[in-house]
Amino acid sequence: MLKGKVDGILLTGGLLRFPDVADQIRERCGWIAPVTVYVGECEQEAMAAGALRVLRGEEEAKTYPGRPVWKGF
């Protein structure tokens, strides 16, 4: 999709509190583009903000099929 023109790889999430995780990703992907880490997670806040938008009528609630997209190996 990007035809090899990647400006950077951004990582975020609570798992990145462990430096080994970021180091392993940099080791495997750092050749593609610079890897920048933003430690922390905001998933709960994002879900709460989405619920508030629905409750305020600013956004319509979405329905998901409940089927896993990934089927495994």
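Applying the salt bridge (Lys or Arg N to Asp or Glu O under 4.0 Å) test to residues at least two apart or on different chains, the pairs with a partner in residues 54-65 are Arg53-Glu59, Glu59-Lys62.
Residues passing the side-chain hydrogen bond (donor to acceptor under 3.5 Å, both in side chains) test with Arg26: none are found, sequence neighbours excluded.
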Mind listing the side-chain donor-acceptor pairs of residues 5-23 below 3.5 Å, one per line with the distance, residues two or more places apart or on another chain?
unit_1	atom_1	unit_2	atom_2	d
Thr12	OG1	Tyr38	O	3.1
Thr12	OG1	Gly40	O	3.4

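Cluster membership for Val54 and Met47, using ILVMFWY side-chain heavy atoms within less than 4.5 angstrom, is not shared.
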